[in-house]
S.K.: 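Take a look at the following structure, please.
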Protein chains: 2
Amino acid sequence: MDKLLIDNIRKHISISDDELDQLSPYFQSTSVDKKKFLLQQGDICRFEGFVLDGCFRIFSYDQKGNDNTLYFAAKDWWLMDNDSFLNQLPSELNMQALEDSTVLLIKRDDKMMLYEKMPIVEKLFRVMSQKALVAWQRRLIRNHCETAKERYTHFIQTYPDIASKIKDKQLASYLGIRHEFLSKIKKQ
Amino acid sequence: MDKLLIDNIRKHISISDDELDQLSPYFQSTSVDKKKFLLQQGDICRFEGFVLDGCFRIFSYDQKGNDNTLYFAAKDWWLMDNDSFLNQLPSELNMQALEDSTVLLIKRDDKMMLYEKMPIVEKLFRVMSQKALVAWQRRLIRNHCETAKERYTHFIQTYPDIASKIKDKQLASYLGIRHEFLSKIKKQ
DNA sequence: TTAAAGAATTGAACAAGTTCAACTTTTTAT
DNA sequence: ATAAAAAGTTGAACTTGTTCAATTCTTTAA
């Protein structure tokens, strides 16, 4: 298994080399060309992924056709559509590569099997989900109490690596503002 | 164990009566008087709770002293501060009873022990966290693509039971708007 | 390498939401 | 039952962010 994924997993839980070896065969390395979609709205999500290299944008479309960026996933981030993966319903999300990328994919069936056979896998994703929950709660709060400019500054300071890979239009849709307004913010 | 909690758990996972019996002793029924705090900013969170009756508001204060409502927990909802509970750091949250309430509390030490001894407990909270994640993602998207009025309408239609128990001021802070503006929205 | 498409910038008019202050209504504590 | 405190309402002036349209700069594809 790739060192980057091992380190990522070990940020969350203690796990033996043996256990990692058991997991390893279920992660398949895959290339995704720039602009290609790993998942598209309407698909049923049958995988989860970990980004080894490159960058993805995860977004949905609202009624008016505006796209809304849920998050970006660069190197060392996970790609998941919890809703579609868990409930096997058509996804509302798109996962698009912003540059040529490499991901490790695990199939839903394999992951479900691992949940059954290896309690530590339950633990890993329980911990990851709880941490992610905290991050989403903080992001919502920031949306309520900070101005667009403050949110912009926070983003580029917190994720400079991602900021450098994305278009301002995409960043605006992540921040929840129009790109014209982001342009005006930047001018100041 | 209370029927309400059993039904809640069985919404998420399949679990035998025996297993539920094993969990049961760790949930302690507690009364919380109206206006009392189950958790206060600065406390280290050493419990998680399930609301049997009543209603709580979970909120934090920003720099300016404005309070920001993260969520409401009425009957059949869980009370958690994942950040403080997981990392044992001082909490940024307040959990205040909006009316006389009854909760089932599980202590952190007991829960951690159950995670170790009963893999199904890992599974329960893994599933619950993943579902919660989806809900938080949707809420954020709604904040981006809907107006305050639309969010208000969505809230009272989705949670009429909660809407009836809370003050407009508290609802405004959940929606991310000033209460004066909520008042203007309602006039229309 | 050039044409076409997409991304970024700018300004002017506009809409959504805030602030502040004064006032009324409801709730709470004694 | 009453006084005090908290919650809700309203209006006027203001700020933040949007919309639309025109223009420029950058990237992409043939």
Side-chain angles (χ1 to χ4, degrees), chain A residues 33-37 54-55 57 59 61-69 72 94 96-100 140-156 162-188, chain B residues 32-37 54-55 57 59 61-69 72 94 96-101 140-156 162-188:
Chain A
D33 291 342
K34 182 168 180 172
K35 295 202 176 168
K36 293 283 183 222
F37 288 82
C55 189
R57 184 168 76 102
F59 66 99
Y61 291 103
D62 66 17
Q63 302 82 346
K64 296 180 194 165
N66 296 317
D67 71 52
N68 210 306
T69 299
F72 298 100
N94 301 278
Q96 186 178 29
L98 299 183
E99 49 185 55
D100 290 348
L140 190 98
I141 294 299
R142 263 199 308 279
N143 262 277
H144 283 174
C145 67
E146 291 180 5
T147 63
K149 185 174 188 177
E150 289 167 333
R151 271 140 52 208
Y152 166 71
T153 305
H154 180 269
F155 184 89
I156 57 172
I162 292 179
S164 68
K165 296 184 176 203
I166 63 180
K167 303 288 177 191
D168 283 354
K169 218 174 176 179
Q170 298 168 337
L171 177 50
S173 100
Y174 173 93
L175 296 173
I177 56 176
R178 306 272 115 206
H179 69 282
E180 295 95 330
F181 188 54
L182 177 53
S183 175
K184 285 162 195 171
I185 285 173
K186 288 174 68 182
K187 200 171 56 165
Q188 295 169 16
Chain B
V32 185
D33 291 341
K34 182 169 179 170
K35 295 203 175 168
K36 292 285 182 219
F37 287 81
C55 189
R57 183 168 75 102
F59 65 100
Y61 292 103
D62 65 17
Q63 302 82 346
K64 298 180 193 165
N66 297 317
D67 71 54
N68 210 306
T69 300
F72 298 100
N94 301 278
Q96 186 178 28
L98 298 183
E99 50 186 54
D100 291 348
S101 301
L140 189 98
I141 294 299
R142 263 198 308 279
N143 262 278
H144 283 174
C145 68
E146 292 181 5
T147 63
K149 186 174 188 177
E150 289 167 334
R151 271 140 53 208
Y152 166 70
T153 305
H154 179 269
F155 184 89
I156 56 173
I162 292 179
S164 68
K165 295 186 174 199
I166 63 180
K167 303 289 177 189
D168 281 354
K169 218 173 175 179
Q170 298 168 338
L171 177 50
S173 100
Y174 173 94
L175 296 173
I177 57 175
R178 304 274 116 204
H179 69 283
E180 295 94 329
F181 188 54
L182 177 54
S183 175
K184 285 162 194 168
I185 285 173
K186 289 175 67 182
K187 201 172 54 167
Q188 295 170 15

S.K.: Counting the atoms with a prime plus P, OP1 and OP2 as sugar-phosphate, which does B:K184 contact under 4.0 Å by heavy atoms, base, sugar-phosphate, or nothing?
M.R.: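 Here B:K184 touches the bases of the nucleic acid.
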
S.K.: Bend across the helix from C:dT1-D:dA30 to C:dT30-D:dA1, to 10°, with axes taken over 5 pairs at each end?
M.R.: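 Answer for the end axes of this duplex: 70°.
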
S.K.: For the pair made of NZ in B:K186 and C1' in D:dG8, what is the distance, rounded to whole Å?
M.R.: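 In whole Å, D:dG8 C1' and B:K186 NZ are 8 Å from each other.
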
S.K.: With nearest nucleotide decided by heavy atoms, which residue, B:K34 or B:G176, maps closer to the 5′ end of DNA chain C?
M.R.: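 That would be B:G176.
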
S.K.: Check whether any side-chain N or O of A:R151 sits under 3.5 Å from a backbone N or O of A:E146 as a donor-acceptor pair, and report yes or no.
M.R.: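 Checking the backbone N and O of A:E146 against the side chain of A:R151, a donor-acceptor pair under 3.5 Å is found.
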
S.K.: Separation of B:E146 atom CD from D:dT18 atom P, in whole Å?
M.R.: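 Rounding to the nearest Å, CD of B:E146 and P of D:dT18 are 15 Å apart.
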
S.K.: Starting at CD1 of B:I162, measure out to CD of B:Q170 and round the result to the nearest 0.5 Å.
M.R.: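 CD of B:Q170 is found 12.0 Å from CD1 of B:I162.
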
S.K.: How close or far is atom P of D:dT18 from atom CG of A:L182, stated in whole angstroms?
M.R.: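 For the pair A:L182 CG and D:dT18 P, the rounded distance is 10 Å.
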
S.K.: Which sits closer to the 5' end of DNA chain C, B:K35 or B:A148, going by the nucleotide each is nearest to?
M.R.: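 So the residue in question is B:A148.
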
S.K.: Could you state the atom-to-atom distance from CD of A:Q188 to C1' of D:dG17 in whole Å?
M.R.: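 My rounded result for the distance is 12 Å.
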
S.K.: B:Q170 CD to D:dA7 P: how many Å, rounded?
M.R.: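 It works out to 7 Å between those atoms.
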
S.K.: How would you give the extent of chain B contacts on DNA chain C, as first and last nucleotide 5' to 3' within a 4.0 Å heavy-atom cut-off?
M.R.: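 So the contact region on DNA chain C extends C:dG17 to C:dT28.
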
S.K.: Just by modelled atom types, is the B:C55 backbone N or O under 3.5 Å from a matching donor or acceptor in the B:S101 side chain?
M.R.: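 It does hold such a pair.
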
S.K.: Heavy-atom distance under 4.5 Å between the side chains of A:H179 and A:D168, does that happen here?
M.R.: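 No. Closest side-chain heavy atoms not under 4.5 Å.
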
S.K.: Going by atom types only, do A:H144 and B:N143 share a side-chain donor-acceptor pair under 3.5 Å?
M.R.: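 Their side chains do contain a donor-acceptor pair, which is all the 3.5 Å distance test asks for.
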
S.K.: Give, for atom NZ of A:K165 and atom CZ of A:F72, the distance between the pair rounded to the nearest 0.5 Å.
M.R.: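 The NZ atom of A:K165 sits 12.5 Å away from the CZ atom of A:F72.
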
S.K.: What closest approach, in Å, do B:C145 and A:N68 show between heavy atoms, and which atom pair accounts for it?
M.R.: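 Closest pair (atom of B:C145, atom of A:N68, distance): CB-ND2, 3.9 Å.
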
S.K.: Quick one: A:E180 CD to D:dT23 P, roughly how many Å, whole number?
M.R.: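 So the two atoms are 16 Å apart, to the nearest Å.
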
S.K.: When the distance from NZ of B:K169 to C1' of D:dA6 is rounded to whole Å, what number comes out?
M.R.: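 In whole Å, D:dA6 C1' and B:K169 NZ are 7 Å from each other.
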
S.K.: Please report the distance, rounded to the nearest Å, between CD1 in B:I185 and P in D:dT9.
M.R.: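 In whole Å, D:dT9 P and B:I185 CD1 are 12 Å from each other.
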
S.K.: If every non-hydrogen atom of B:V32 is compared with every non-hydrogen atom of B:A97, which pair is closest and at what distance?
M.R.: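 In terms of heavy atoms, the two residues are closest at CG1-CB, 3.8 Å.
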
S.K.: Heavy atoms, side chains only, cut-off 4.5 Å: are A:I166 and A:F155 in contact?
M.R.: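 Heavy-atom side-chain distance check passes, below 4.5 Å.
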
